[in-house]
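Order of listing sets the numbers, starting from 1, for every ligand and every atom in it. Only heavy atoms go into these numbers, but all of them, side chains included; no hydrogens, no water, no symmetry mates.
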Amino acid sequence: MSLGRTNMLSFRCMTHEDIPFGVYLSRQAGWNQTAADWHRFLALEPAGCFVAEWDGQPAGTTALCVFGSIAWIAMVLVEESLRRRGIGTALLEHALAWLEARGVATARLDATPLGQPIYQRLGFVPEYEVGRWEGIATASERVLGIRPIAPGDIPAIVALDAQATGTPRHRLLEYLLERHPSEGYTFGQPPAGYATGRPGAKAWHIGPIVAQAAEIGMALADARLAQHPGQPVFIDIPLDHAAACAWASSRGFRLQRRWTRMVRGPLVNEVHLWLWASSGPEAG
Ligand SMILES: CC(C)(COP(=O)(O)OP(=O)(O)OC[C@H]1O[C@@H](n2cnc3c(N)ncnc32)[C@H](O)[C@@H]1OP(=O)(O)O)[C@@H](O)C(=O)NCCC(=O)NCCS
């Protein structure tokens, strides 16, 4: 007689020893994150990155990042051979309970088609679509006034970003600008826009880019491309941002995939037209 068997699902905090597993899962899914990205998730939210274990073996991940009353949920990944048995849903439930215990009102994420039905069942609603544009960087002439970010610009850039995104993302921005100082550009004094980026497993990730006017966004994005001529580049743009999408298209970029930006809880007050490019699907 078969007694049957119940598989055990459990959760624990991620540690630096789990980074190779995180890299393995993101590669398996064909994503662009590197080990450095996983290090950033752990540095920004050491108690909010989780590993799901199935019968004691690592099976899935998620990485949260809390900015005041707003959290981003990222890296929801389940090992391919263990999907469709409830691990992804349980990971999200675990993440939401952790956020609720900390009184975080709003959770946001960029959903893939595989993830969207799960999030919808857990109370997330769609906000807008974000497209990933892929292309090869080309150098264009630098626009007058575009300059590298100096350390003294950072407080004003952080304030501009908070105004644009409705989210106090200073920890993320400081981390990115500190680690990749040569990738940051700004325009104006005080800054009316900024752009940065980081290397990825498949392509340079360009973003976030925030700009108070379309011409500034365009010039900043061109300045970023000019830094990596001939190299593959990804840039994530809200698909209703006509000027930014037109810019990407005019630079020979093609729309590779799309996400649905979703929210659970009170909406965040963004200045949508200032969001030229997302920091990536991990933090909007
Ligand atoms: C998205 C992802 C994390 C989901 O993980 P998962 O463990 O398969 O998720 P679940 O098992 O909870 O749910 C997946 C489906 O299986 C179904 N399911 C859950 N338990 C089941 C069971 N015991 N038997 C049959 N089906 C089951 C769910 O109803 C769901 O169905 P749906 O797709 O029609 O909504 C996983 O597919 C993945 O890693 N994808 C690649 C990366 C990705 O896209 N991540 C999302 C980022 S936003």
Quick one: does [X] get an N or O within less than 3.5 Å of an N or O on ligand 1?
| X | answer |
| --- | --- |
| W31 | no |
| A111 | no |
| D110 | no |
| G86 | yes |
| G115 | no |

Closest non-hydrogen atoms of P126 and T260, given as atom of the first, atom of the second and distance, are CB-CG2, 3.7 Å

Among all the protein's non-hydrogen atoms, which is closest to [atom], and how far away is it?
| atom | answer |
| --- | --- |
| atom 39 (O) of ligand 1 | V78 N, 2.8 Å |
| atom 44 (O) of ligand 1 | T112 OG1, 2.6 Å |
| atom 31 (O) of ligand 1 | R84 NH2, 3.7 Å |
| atom 45 (N) of ligand 1 | V76 O, 2.8 Å |
| atom 13 (O) of ligand 1 | I118 CD1, 3.6 Å |
| atom 6 (P) of ligand 1 | G88 N, 3.6 Å |
| atom 12 (O) of ligand 1 | T89 OG1, 2.5 Å |

Yes or no: does [X] have any heavy atom under 4.0 Å from an atom of ligand 1?
| X | result |
| --- | --- |
| E80 | no |
| L77 | yes |
| W259 | no |
| L91 | no |

Roughly how far, to the nearest 0.5 Å, is the [atom2] atom of [Y] from the [atom1] atom of [X]?
| X | Y | atom1 | atom2 | value |
| --- | --- | --- | --- | --- |
| F124 | R264 | CZ | CZ | 6.0 Å |
| L64 | W72 | CG | CH2 | 12.5 Å |
| D55 | L9 | CG | CG | 9.0 Å |

Donor-acceptor pair, side chain of E282 and main chain of M75, under 3.5 angstrom:
no

Any salt bridge between E134 and K202, counting N to O under 4.0 Å?
no

Which of the atoms of ligand 1 are close to Y119, meaning less than 4.0 Å from one of its heavy atoms?
46 (C), 47 (C), 48 (S)

Proximity winner for atom 41 (C) of ligand 1, if only heavy atoms of M75, E93, R83 are counted:
R83

Of the listed options R121, Q28, R85, closest to atom 28 (C) of ligand 1 (non-hydrogen atoms)
R121

Looking at atom 2 (C) of ligand 1, tell me if a protein heavy atom falls under 4.0 Å from it.
no

